[in-house]
Colleague: 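One structure coming up, written as structure tokens, with questions to follow.
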Amino acid sequence: MPLIGEQLEPQYAAPDTDWRNAVVYQVYPRSFQDDGEQGEGTIPGITSRLGHIQSLGAGALWLSPFYPSPMRDGGYDIANHTDVDPRYGTLDDFKEMTQAARERGIKVMVDLVPNHTSDKHPWFQESRSSRDNPKADWYIWQDPRLGGRLPNNWASVFSQSQLKARQRGDLWLPDGELTPPLSAWEYDPQRDQYYLHSFAKEQPDLNWQNEDVRKAIKDVMRFWIERGVDGFRIDAVPYIGKDPLFADEELDPAYIEGEHNPYDQLKRFYSMGYPPTFYYYLRELLSVADEYPDRDIRIIFEAYMPPDDVDKIDRLRPEVASSFNFGRMQAPWDAATHQALLNDYYGRLPKGAIGNQVNGNHDNPRLATRLGAAAARVAAVINYTVPGMVFVYNGEEGGFVDVDVPPERCDDRLGFRDGCRTPTLWDGSPNAGFSRAAPDELWLPIDPAYRTRNLAVQARDPASSLRLYQRLGDIRRNLPALRGNTYAGLQADDSDVLAYARRTERAQAAVVANFSGDRSLTVRVPNAGQVIGRVLLSTHPDRHDADTDFEQGVTLAPNEAILVAPSA
Ligand code: GLC
């Protein structure tokens, strides 16, 4: 059998664990499934939908925070790390859900938020009560600088609201002046000091220099591992590493007023990812996994950082942890960019690492909103047919789009993340089967198109997005070529086409994708070799089972991606 792209040496080699090619389905608990009339999702609701998650080929599920929280940042403001918010259920419900998931072969990953807590967390309540209580040093407290000035110029990531305030006329500044970011410092009269908050002021940053804090967070990990959790998605992790001297950040000349978050006016050298303590702290978090050698604990870091820094994180303990690969989610939709990003990614991942692909999450516009329905299908085929973990954000499988949430119903303080957090559209019944509450009592409104745009309708339509994801899940689990761990970029002779090969010792397959939305084309892939193959899957369902010949040229419709396996 001639090898596809024979001369290409695949560099990527992931360890042989269940995580290696797992589809990881992200559930945003508040929006997934209400089991009653409260208008918000619950844990028993998730349990009742595990069959759906399994149907997508999922080997794991990641739950965004479900811990007690005042909900000033969608649950990422945690008031108790070791319990379930009553709105979602109880620890027993969680246990039941994990057990039910395990029975279906689905692992459970939870969110760990190590950088900050809610200001309502008992740790912070105690810390702010005086300058000499036992937790006085658990958060980052600083005296004002001379003249009562802020301790330094560090800014809050959540400074987008400043632009909005300026546009509304609530913040007046002379024309041409830059919109100032929000300070990351908040004055606390009780201590007559400032505390640091890299995000909202209700999310004070923990002091990672304090060993007791590090121990407390590691205890949180142990708590969940002992309750059956298999892994963690670790939130905003760069922020745990800061300059202990709190030096001012330099200004960033790349900032564009009106286009960027005012937070981007500052470089990020001292306020996040500050070596060497940062890597030391990461290693400490990772060491918890070593305490459970028979559990195959997996960690995925959320680190929006330049690629070189992400690379350093990925090299720490590749067999345990890697960072989200956000590159393609943030890149413009063109074949050359995506080909380069894939080639680079699988080329640079350290040996033994498990890569990953991401098409969306609760912080970004949904896939089909960013790319449109047809290109979203191409993106799905790519993510499901490259090696590593595939993250699927709930609703992505339905090709769902962001909902236009009216201002009076908005919840997110940043003002742009509600649209991607609206409830799942299960069926055509009231509230799309999400909840039995009155529609105006849902925490966020349902997409008004739900009667026709829902998962139940899609289950009956072979051309639907859901059916494509289910087929992809099936192929990813069962096609030998995709069960391996190699990736080799191919070179198509058309700039709208992306192509790659997947191989194991005994099997191989190739994916060829047309990124153009309006051009049918015939493309040759010179370095693929003389492959004659059968189309096992296409974004265009009528193409299944057609024959294709790489030497003659592969014909693709606009927005068509195909998976080809050579016919002997
Ligand atoms: C992460 C979360 C985001 C949250 C932020 C602060 O980026 O994904 O939703 O607002 O951290 O915790």
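Counting starts at 1 for both ligands and their atoms, following the listed order.
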Colleague: Got a sec, which residues hit salt bridge (Lys or Arg N to Asp or Glu O under 4.0 Å) with R102, two or more places apart in sequence or on another chain?
Modeller: D230
Colleague: Salt-bridge test for R317 and D290: reply yes if a basic N is under 4.0 Å from a carboxylate O, no otherwise.
Modeller: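 Between D290 and R317 there is a salt bridge, with a charged N closer than 4.0 Å to a carboxylate O.
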Colleague: What does the contact table look like for ligand 1 (nitrogen or oxygen on each side, cut-off under 3.5 Å)?
Modeller:
from     : atom 1 : to   : atom 2 : distance (Å)
ligand 1 : 7 (O)  : E302 : OE1    : 3.1
ligand 1 : 7 (O)  : E302 : OE2    : 2.8
ligand 1 : 8 (O)  : R233 : NH2    : 2.9
ligand 1 : 8 (O)  : E302 : OE2    : 3.4
ligand 1 : 8 (O)  : H362 : NE2    : 2.8
ligand 1 : 8 (O)  : D363 : OD2    : 2.5
ligand 1 : 9 (O)  : H362 : NE2    : 3.0
ligand 1 : 9 (O)  : D363 : OD1    : 2.7
ligand 1 : 9 (O)  : D363 : OD2    : 3.4
ligand 1 : 9 (O)  : R417 : NH1    : 3.3
ligand 1 : 10 (O) : D73  : OD1    : 3.0
ligand 1 : 10 (O) : D73  : OD2    : 2.7
ligand 1 : 10 (O) : R417 : NH1    : 3.0
ligand 1 : 11 (O) : D235 : OD1    : 2.8
ligand 1 : 11 (O) : D235 : OD2    : 3.2
ligand 1 : 12 (O) : H116 : NE2    : 2.9
ligand 1 : 12 (O) : D235 : OD2    : 3.1

Colleague: Is it the case that the side chains of N383 and R328 hold a donor-acceptor pair, with the cut-off being a distance below 3.5 Å and no angle test?
Modeller: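 The criterion, which ignores hydrogens and geometry beyond distance, is satisfied for N383 and R328.
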Colleague: In plain terms, say whether R298 and D296 are close enough for a salt bridge, that is, a side-chain N and a carboxylate O under 4.0 Å apart.
Modeller: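 Between D296 and R298 there is no salt bridge, as every charged N stays at least 4.0 Å from the carboxylate O atoms.
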Colleague: Can you list every salt bridge (charged side-chain N to carboxylate O under 4.0 Å, His left out) pair that touches residues 75-86, not counting sequence neighbours?
Modeller: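 For residues 75-86, and leaving out neighbouring residues, the salt bridge (charged side-chain N to carboxylate O under 4.0 Å, His left out) pairs sorted by first residue read D85-R87.
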Colleague: Listed by chain and number, what are the side chain to side chain contact (heavy atoms under 4.5 Å, CB included) partners of D412, not counting sequence neighbours?
Modeller: L414, R417, D418, R421
